[in-house]
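Before anything else, here's the structure in question.
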Amino acid sequence: MLEVDSHKHLKKYYQNNLVLWPHNLTLTRLIARSLSRKDNTFIELSSDSRNFWWPGLLIPLCLYNKNIILILSEKQRRQLFEVELPKLKTSGLVFDFVEGIEFVPSGKKIWVLKYQDLLFANEKGWLKNRQLIFPESEFMSHSFGESMSIKISPKDWEHLIDAHSSFEAPIIEVYERLSRRLFSQSASADGVIRIDNNEILILQEILKDDLPLAMPWKRALNVVDNEWVTWAKLDNQTLSWDCYIQPLVPLKIVSGLLSENTLLMLTGSPESDFCCMDLYSKTFSFDVKVKLGNALDQEPIPLFVPRRQPLPNTSSFYRHIRKQCQRLILSCMHITIILVDDLQLRLQLTSELAGELGLRVVHETTDVKANGIIFCSCHWWIINQDKLPTPDQLIFPIIPLPTLESPLIAARVEMLRLQGRNWFREFLLPETLFILRKSIAIIRGKDVRVAILDGRMHYRSWGKLIFEALEPWVNLERLLPY
């Protein structure tokens, strides 16, 4: 009955709302079935679903809210409360929910939680026989990792010394030794440098049985091991640094939480984090795995990837991408998004083009002129794309492969290498395909040009996998003015 009722309400909902994704009726029946049968369900949505899938999820939840927990990122939370719930209300549907951890609801209300709140609720033993729903589950590993991240600031070192004054001299010696090494290795104004975990664990030997009870030290000294990575973010102006500690495989840590509850996962990407793949294969299986939509049925994107482009390791590459960016911008009347994950390269391009084009050029801000040029990372664009008008074009001066300069990326690669696995094919390449798909999903069907200025698209065997991941597309042999 839940499937039938959900189907009827969705059809009624669409009497007042334009149908923008043709698979929502199927989606709502699948979700209703999963809720009533308590199935572990994994649903892959085609990239043209964008945010149009929300009614297919929410309508069954309005009709069936027993022991449901909806886990949302901040972006998803804004979408739910600012966009989706007002639409449901006009259709006469009630989303009966409680948000946050101040009050633990009975099993008759939907419990809306952030990832960090979910971890806290699990520690308190509040999650028993719940059904966990993860929209956009491709971000799960990243979201859990950020929620588990531990930050140790200079103030925390001071508090450690105050709480253990008898060990003041050796604690200061550890801090100063670390500071000297970090700043001697820093190659940029605000460098990020990996720290050997043993340099933090040496505090255990110093404090012996008098280990700290206050956070974040208590947690840091309890979790740091080979499955966590530690790094410092330096501030050269104040000669201070913050220490960050984060798990390499977040889903391994929460595997108990996930396996002890029923899961409903929605994903918009066929490439899953390699950690997710490990979790799915080793911890539990899904009762239902469904793919909705066909990528080849979508509108093709105009793709400009000229042949005979230089490779990033050649001396002419920077001159090439700067000249091509100028050329692409000159033919464009509206907003251009230039996506560069390498911070130093991005700031250099931003600075030089701003010197020529003035205030049109901005860096990672939504306050932009109608013909503005925004330089940003792919992650910033994915998070903020709904706050910006549709651009005329996306430019990727370089393929967004995860950089080994990131301590977290480098540690993951090292872990895979030690396991004898193909770290490029299993991790870096799938992450790149995921980033590219997510970056262009919102502009598909809107006649937005996509340009990739990296010679590896044609000169590397894996370049054809990127072409396949971007399908459907039409090749732009030459640039035409807008």
Side-chain angles (χ1 to χ4, degrees), residues 31 34-35 37-43 57 61 64-77 80 97-151 215-216 218-220 222-229 245-267 269 272-289 408 412 415:
I31 290 174
S34 175
L35 295 176
R37 290 167 56 96
K38 298 290 189 293
D39 288 332
N40 276 339
T41 302
F42 185 86
I43 304 175
L57 169 64
L61 293 182
Y64 184 96
N65 52 16
K66 298 177 183 177
N67 293 316
I68 301 294
I69 299 181
L70 183 61
I71 301 96
L72 303 177
S73 66
E74 183 56 36
K75 179 182 178 183
Q76 293 165 348
R77 184 186 173 280
L80 174 66
F97 73 98
V98 170
E99 185 183 14
I101 52 177
E102 293 183 1
F103 173 72
V104 181
S106 67
K108 296 182 180 180
K109 287 182 181 287
I110 299 163
W111 198 4
V112 179
L113 294 178
K114 298 181 292 187
Y115 279 84
Q116 193 168 11
D117 292 339
L118 181 70
L119 294 173
F120 181 83
N122 185 51
E123 289 176 3
K124 295 295 184 181
W126 297 340
L127 307 182
K128 295 197 182 288
N129 300 318
R130 300 276 188 170
Q131 194 156 16
L132 309 183
I133 300 178
F134 293 92
E136 296 181 318
S137 62
E138 62 267 33
F139 295 109
M140 269 179 65
S141 182
H142 176 78
S143 298
F144 272 123
E146 284 197 334
S147 298
M148 296 177 198
S149 178
I150 303 166
K151 178 182 177 182
M215 296 298 183
K218 178 181 178 181
R219 185 160 168 252
N222 279 331
V223 303
V224 170
D225 57 29
N226 291 335
E227 295 189 348
W228 290 68
V229 60
I245 306 171
Q246 191 166 322
L248 282 174
V249 190
L251 296 184
K252 183 177 179 180
I253 297 173
V254 297
S255 60
L257 157 65
L258 299 178
S259 61
E260 291 167 5
N261 293 278
T262 305
L263 302 181
L264 197 167
M265 295 184 178
L266 304 179
T267 180
S269 174
S272 296
D273 186 289
F274 79 99
C275 304
C276 293
M277 296 302 293
D278 282 349
L279 178 75
Y280 298 160
S281 61
K282 297 176 182 177
T283 306
F284 60 88
S285 60
F286 288 101
D287 304 303
V288 178
K289 293 184 72 174
L408 185 58
R412 286 186 169 188
M415 180 179 69

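Quick note: numbers below take in every heavy atom, side chains included, and nothing from hydrogens, waters or symmetry partners.
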Looking at L408 and Q246, what are the two nearest heavy atoms and their distance?
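Minimum heavy-atom separation between L408 and Q246: CD2-NE2, 3.5 Å.
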Take atom NZ of K38 as the centre, draw a 6.0 Å sphere, and report whether it contains more than 12 heavy atoms from other residues, nucleotides or ligands.
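Counting neighbours around NZ of K38, more than 12 heavy atoms of other residues, nucleotides or ligands fall under 6.0 Å, so yes.
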Checking side-chain contact (heavy atoms from CB on, under 4.5 Å) for the pair F134/F42: CA distance, chi angles, key distance, verdict?
CA-CA 10 Å; F134 293 92; F42 185 86; over 6 Å; no
Restricting to non-hydrogen atoms, name the atom on M148 and the atom on W228 that form the minimum distance, rounded to 0.1 Å.
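Looking at all heavy atoms of both residues, the closest pair is O-CZ3, 3.9 Å.
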Less than 4.5 Å apart, any side-chain heavy atom of R37 and any of D287?
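No. Closest side-chain heavy atoms not under 4.5 Å.
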Non-hydrogen atoms of P247 and G145 that approach each other most closely
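Closest approach of P247 to G145: CD-O, 4.1 Å.
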From E123 CD over to L257 CG, what is the distance, rounded to the nearest 0.5 angstrom?
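Interatomic distance, E123 CD to L257 CG, rounded to 0.5 Å: 10.5 Å.
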In terms of the angle between their ring planes, are F120 and W126 parallel, tilted or perpendicular, with boundaries placed at 30° and 60°?
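F120 and W126: perpendicular rings.
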Does atom CD of E99 have more than 12 heavy-atom neighbours from other groups under 6.0 Å away?
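Check passes, neighbour count above 12.
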Test your reading of the model: is there a side-chain donor-acceptor pair from S34 to the backbone of D39, 3.5 Å cut-off?
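Between the backbone of D39 and the side chain of S34 there is a qualifying donor-acceptor contact (under 3.5 Å).
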For a quick test of reading the model, state the closest non-hydrogen atom pair linking L258 to M140 and the distance between them.
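The pair with the smallest heavy-atom distance is CD1-CE, 4.0 Å.
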What's the separation between atom CG in L113 and atom CG in L118, rounded to the nearest 0.5 Å?
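The distance works out to 6.0 Å.
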Below 4.0 angstrom, N of the basic side chain to O of the carboxylate: do K75 and E136 qualify?
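Result for this pair is no, no salt bridge flagged.
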Min side-chain heavy-atom separation W111-V104 under 4.5 Å
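In contact.
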Would I133 and L35 satisfy side-chain contact (heavy atoms from CB on, under 4.5 Å), going step by step from the backbone distance to the final call?
CA-CA 10 Å; I133 300 178; L35 295 176; 4.3 Å; yes
In the structure I gave you, are the side-chain heavy atoms of N67 and T262 within less than 4.5 Å of one another anywhere?
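No, every pair of side-chain atoms sits at 4.5 Å or beyond.
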For the atom pair CG (L61) and CD1 (I68), what is the distance rounded to the nearest 0.5 Å?
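Reported to 0.5 Å precision, the distance equals 6.0 Å.
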Would you sort out whether K289 and M265 count as a side-chain contact (heavy atoms from CB on, under 4.5 Å), showing the intermediate values?
CA-CA 10 Å; K289 293 184 72 174; M265 295 184 178; over 6 Å; no
Mind checking the CZ-OG spacing from R412 to S141? Nearest 0.5 Å is all I need.
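Those atoms lie 4.5 Å apart.
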Does the side chain of L70 come within less than 4.5 Å of P135's, by heavy atoms?
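Yes - at least one pair of side-chain heavy atoms lies under 4.5 Å apart.
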Rounded to the nearest 0.5 Å, what's the gap from CZ on F144 to CD1 on I71? Could you check?
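The CD1 atom of I71 is 7.0 Å from CZ of F144, to the nearest 0.5 Å.
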Okay, side chain of N40, backbone of L263: is any donor-acceptor separation there less than 3.5 Å?
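Yes, because the side chain of N40 sits within donor-acceptor range (under 3.5 Å) of the backbone of L263.
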So which atom in G100 and which in D117 form the shortest heavy-atom distance, rounded to 0.1 Å?
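Result for this residue pair: CA-OD2, 4.2 Å.
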What is the distance from atom CG of N226 to atom CG of L248, rounded to the nearest 0.5 Å?
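Rounded to the nearest 0.5 Å, the CG-CG separation comes out at 9.0 Å.
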Determine the minimum heavy-atom distance between E227 and D225, stating which atoms define it.
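Shortest heavy-atom contact: N-OD1, 2.8 Å.
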